Amino acid sequence: MTNDVLVNSVSAMSDLRINGERLWGSLMELAEIGATAKGGCRRLALTDLDRQGRDLVIRWAKAEGLSVTIDKIGNVFMRREGRNPQLLPVMAGSHIDTQPTGGKYDGNYGVLAALEVIRTLNDLDIVTEAPLEVVFWTNEEGSRFVPVMMGSGVFAGVFPLEQIYAVKDSEGKTVGSELENIGYIGEQMPGDHPVGAYFEAHIEQGPILEDEDKVIGVVQGVLGIRWYDCKVTGQESHAGPTPMSLRKDALQTATLIMQQVISIAGRTPEGRGTVGSVQVYPNSRNVVPGEVTFSVDLRNISDELVTEMDTELKTFIADLSLKSGMEIELKEVSHYPAAPFDKGCQAAIAGAAEKLGYPSREIVSGAGHDAVYMSYLVPAGMIFIPCKDGISHNEAEYASPEHVTAGANVLLQVMLQYAGVAG
Ligand SMILES: [Zn+2]
């Protein structure tokens, strides 16, 4: 028996609403752990604050009667049994680690929206056919330990556990030892945890929904990403005595590549190109720069388009190196394939938004999410809500109580639809 034959008596459930005030209260309470002076949150993965956040969410889950399983990378699964133990759980969640100067909503919202779904069903004594699970994944942000989306990546078999245990932060502390320190190395092998479908509610982290007055974003997929380090090697020389024609100015050559990154990105509607980090050596006012290193971030909606961007950038660099006589190295440091989300999940989210009277639109995600790795394993979908001015990874991050409530109402409907309601 599979979960998708279970869409029954759900239409009678369309009047259900989550408790928006309670969800908002929990969001604000969790945000107190690591609260910053500017109203944001700093709860880096596997720190003591992360432990406190984890402990709080688990305490809330246990108060709702959920059973808790932790895997060896510290992912936490909180389960509400259904009537039919043969069925795979319908899972929803996100992450509770934050950026160093992060906000209250990124990640935390998806976890607490899922918990609010459970609380609502408990209030109303509604039993689903399939079990429901709330999850938070370890280290989605990747600010303290790289790679990003670490816990869901290990769960999906993308990263080997032992290799991830050895990853170090800037102080040389490893993921393995820090997981142990906070007491979150569980028993279960990552991935050894059957799932039927996965949903993640999240703030958009971009400006589109707000700009168009939409309440729900039906996420079609996540952009494919390639990250590079680029190094241009020229020749340091004195800014005065060295005439322009005899210079090998690494910075001037680097800026040509940076501009090319932007124009390549502009050629397709969902193309993105960013140079976000630059180091100039020796970084002195009166020295012609001898070496410049900078990051390149390319994104697009399909892997084919990302590959085209990659080819175009490499061709440009090869030409430029020849013309300028400078050595230019472009090293790919990581890459994430584009992840289209399941059409059925998208339809369920769009249908729920319509039924609930929330204006919605299709949208792509420019940022990575745990749902990407879950989409490798099971039907997965994401629900976006607007965030103020499109700002996230920032202490000023804000989503309104009304939108926070709306996204969780949609999540409630799709979880009921996928889990089936015992009639
Ligand atoms: Zn997030």
Side-chain angles (χ1 to χ4, degrees), residues 23 26-27 30-31 33-34 36 40-47 49-50 53-54 57 73-76 91-116 134-156 158 198-210 216-217 219 221-223 225 272 297 299 336 339 341 349 363-375 380-399 403-404 407-408 411:
L23 170 54
S26 295
L27 255 179
L30 181 54
I33 302 171
T36 62
C41 193
R42 177 191 174 89
R43 203 162 55 241
L44 297 182
L46 310 186
T47 56
L49 288 172
D50 185 17
R54 287 162 172 263
V57 174
I73 190 64
N75 297 320
V76 176
M91 182 183 280
S94 191
H95 60 95
I96 62 165
D97 65 311
T98 77
Q99 289 283 324
T101 51
K104 301 182 177 87
Y105 306 87
D106 180 354
N108 299 293
Y109 170 55
V111 177
L112 297 180
L115 180 66
E116 177 54 40
V134 181
V135 60
F136 56 82
W137 306 103
T138 292
N139 183 34
E140 191 274 346
E141 295 291 1
S143 354
R144 183 180 175 203
F145 296 104
V146 178
V148 298
M149 292 139 57
M150 178 180 276
S152 52
V154 173
F155 185 85
V158 175
Y198 177 78
F199 292 96
E200 184 165 345
H202 207 283
I203 56 168
E204 180 198 337
Q205 301 183 277
I208 297 168
L209 295 176
E210 183 182 60
I216 298 296
V219 186
V222 174
L223 301 182
I225 305 172
R272 314 271 194 268
D297 175 319
R299 305 182 188 216
Y336 305 93
F341 287 138
I349 292 164
I363 194 165
V364 297
S365 174
H369 294 287
D370 295 309
V372 168
Y373 289 140
M374 288 310 288
S375 77
M382 287 193 82
I383 301 161
F384 274 179
I385 60 166
C387 58
K388 191 169 184 296
D389 301 327
I391 291 173
S392 78
H393 285 191
N394 188 306
E395 291 162 283
E397 185 179 285
Y398 178 77
H403 293 153
V404 160
L411 182 64

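Numbering of ligands and ligand atoms starts at 1, following listing order. Positions are given from 1, in the same order as the sequence printed here. Keep in mind that this is a model prediction, so the values were computed, not measured.
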The protein N, O or S atoms lying under 2.8 Å from the Zn ion (ligand 1) are His95 NE2, Asp106 OD1, His202 NE2
- Task: Compute whether any side-chain donor of one residue and acceptor of the other, for Arg42 and Ser143, lie under 3.5 angstrom apart.
- Result: no
Q: Would you please indicate if the ring centroids of Phe384 and His369 are separated by under 6.0 Å?
A: yes
By ring pair (Phe, Tyr, Trp, His ring centres under 6.0 Å), Phe136 pairs with (sequence neighbours left out) none
task: Dump the intermediate steps for side chain to side chain contact (heavy atoms under 4.5 Å, CB included) on Val57 and Asn108, then the final yes or no.
output: CA-CA 10 Å; Val57 174; Asn108 299 293; over 6 Å; no
Regarding His95 and Asp106, is there a side-chain donor-to-acceptor distance under 3.5 Å anywhere? yes
Determine whether the side chains of Thr101 and Glu395 contain a donor N or O and an acceptor N or O closer than 3.5 Å.
no
